[in-house]
Amino acid sequence: MGLLTEGTPLSWEETKKLASHVREHGIKQFINIYKKLKERKGDVLKWGDEIEYIIVKFEHEKQEAKVSLRAVEMLEVLNEAEIQNPNTVKFLWRPEFAAYMIEGTPGKPYGGTLAHFNVVESNMRNRREEASELLKENECLMTLTSFPRLGCPNFTVPPSQPTPNEGGTKSLFFPDAAVFPGHPRFMNLVRNIRKRRGEHVAINLPVFRDKNTKIPVDDSHRIRKAALPDCVYLDAMGFGMGCCCLQLTFQACNIDEARILYDQLTPLCPIMLAFSAASPIHRGFLTDIDCRWNIISGSVDCRTEEERGLKPLKENKFVIKKSRYDSIDSYLSPQGEKYNDIPILYNEEDYRKLRDNGIDHLLAQHIAHLFIRDTVSLFSEKINQNDEEDTDHFENIQSTNWQTMRFKPPPPHSTIGWRVEFRPCEVQVTDFENAAIVCFVVLLTRVILSYQLNFLIPISKVDENIQNAQKRNALKDQKFWFRKDITTDVSPPEANQCCKGTKCETTECDLIGLMTVNEIINGKQGEFPGLIPLINSYLNGMDVDADTHCTIQQYLKFIQKRASGEIHTTASFIRDFVTNHPNYKQDSVVSDEINYDLLTTLKDIEHGEKSCPELLGYSATSKTRENIPHALKNDF
Ligand code: GLU
Ligand code: MG
């Protein structure tokens, strides 16, 4: 979830006083990084995935499933191996926001050979197994984007109670005990976000209105004025940051390529969010949304009333449109500049400093814009820093701007280059699905770079898409703004299908149009080539071993089927399961019993004990293997 600094957290009052200190030094630190590393070239493609897991405990005798608050205990053991052998461990394990979550990545990034696609799933599987060895009886490590009954009475093991009038969270539903206790960062963020905002965070999810759905859904609106009666009201950071996702990081060959990737992947974020939708149930209710995005956005929304435009500006400088967790506000590459069509706020002084130090307009405005956010977490040991060497103040702000994409400079004194992170995807139930999404997105980056494709659309349209992507059944029902002509002068003929097969001049056809996820991914005859056909034509020109070829084809087939609506998204599968459950009362309530049956089914699907063609398709198996055979060293 971000940088973990050791030390003693400062109180909110102390942290607040140091906001401009962090800003000043954070900007200086970025300038120093930039000066040292802007010319860095020749890095090779490396990439990796991050998966967040929930530890679930099944109580079979009661037919209940709960979250197990054992992340600290498990991480102590999991991290032991890394401490002993940092360079040879197969997986890296990190804490996440909740006491029931852990995060795992491959021990080393993958490289630039196609054969790496064939080890992703195996790595995910072994990763899950390594952590699963530490599970107690009836526990299971599940890749669930949201735990359906999070915040319901007794949803944790050991049992814990919310404390509305004391502690850090002060939630009606989410106990402090469910926040990861092994590092002070997490509770510190909870407290400081609430204090900065001046009240509880407030998320109101429209309930899914079924025949017998009760409105008001519960009594929340009687207790809290922020709660809307026809919505599922959530009042704690844990409801958002306690959700899990699948993220990807790419190393580019230099800063310019990183800026291109950052921009080109941005319009794909809403598409992949809709594609990976996996979280329709919150606090025990079916809702009218399928994704976690706005929930996390609201769960860390530290903007004051002034900043939210509810009061005239007095103490604060800006009315800010978005939370610090949201879709990005500006493109970074020269090609992207003309699509930056929403106002980008920043402190003139920060922007000037960056410009005066040789940083171009687009990058300067990006960094200055990140720094309109105050620090919400500061440790006493880290206040005074050597700006030539340290980067904590920069990272402090950078890593608490949780956006769809993240542009990452090389860490100091490391062999790592300029990177971008792709952050929208919800995590899927099985390793097969997660590996398929990872390989699809990585292949897209290769296609974008080698065919020099252009996916850019105005950033305001990306924002619209992000909102539409979260609606119930968005993959089937919504249309998304997408660029019709994705070719540039050097694109190959396959990409040139806009305007009935002739090379498209943007003056002759409208630049963008509304398309379904199916049309974007699978293509539309004579109008849009489709992402999968582009990947396939890219792969046709590549040498690849038979097993890897087979695995990639299985993944692409699965992506095609899900995009076309032939198989369910995780969210629509979950909805279907609930609404068809014999004990569902058509009242939008996901009871303990339905939750137990749902999670048992998802667990069995993940373990391969239950086949589920309606979610995975009929042939969801790959030839994944643990290692890349020695002979396969062909580069992309
Ligand atoms: N769990 C968060 C999500 O679902 C991401 C936290 C992180 O940045 O690692 O988006
Ligand atoms: Mg994480």
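Whatever order the structure lists ligands and atoms in, that order sets their numbers, starting from 1. Heads up: numbering here begins at 1 and tracks the sequence. On a predicted model such as this, the values are computed, not experimentally measured, just so you know.
- Atoms of ligand 1 found under 4.0 Å from any heavy atom of Cys245 (numbered from 1 in listed order, with element): 2 (C), 3 (C), 4 (O), 5 (C), 10 (O).
- The atoms of ligand 1 that sit less than 4.0 Å from any heavy atom of Trp402 are 8 (O).
- If you check each of Arg423, Arg406, Glu96, Arg94 against atom 8 (O) of ligand 1, the one with the closest non-hydrogen atom is Arg423.
- Here's the thing with Arg292: one of its N/O atoms is less than 3.5 angstrom from an N/O atom of ligand 1.
- For the side-chain contact (heavy atoms from CB on, under 4.5 Å) with Val429, the lone residue among Leu602, Leu616, Asn434 that qualifies is Leu602.
- With the Mg ion (ligand 2) as the vertex, atom OE2 of Glu96 and atom OE2 of Glu52 span an angle of 90° (nearest 10 degrees).
- Geometrically, Arg472 does not engage Phe208 in a cation-pi contact, judged by NZ or CZ lying under 6.0 Å from the ring centre and within 45° of the ring axis.
- For His366 and Tyr262, the gap between ring centers is short of 6.0 Å.
- When atom types are taken as modelled, the side chain of Arg303 and the backbone of Arg197 share no donor-acceptor pair closer than 3.5 angstrom.
- Polar contact with ligand 1: absent for Ile296 (N/O pair, distance under 3.5 Å).
- Here Tyr325 has side-chain heavy atoms under 4.0 Å from ligand 1, and that is the only part of it that gets that close.
- Using cut-offs of 30° and 60° for the angle between ring planes, the Tyr233 and Phe173 rings count as perpendicular.
- Judged by distance alone, the side chain of Arg127 and the main-chain N or O of Phe91 form no donor-acceptor pair under 3.5 Å.
- Contact check for Tyr325 versus Met241: side-chain heavy atoms found under the 4.5 Å cut-off.
- Looking at Glu103 and the Mg ion (ligand 2) together, the shortest N, O or S contact belongs to OE1.
- Between atom 6 (C) of ligand 1 and the options Gln403, Glu103, Glu50, Glu52, the minimum heavy-atom separation is to Glu52.
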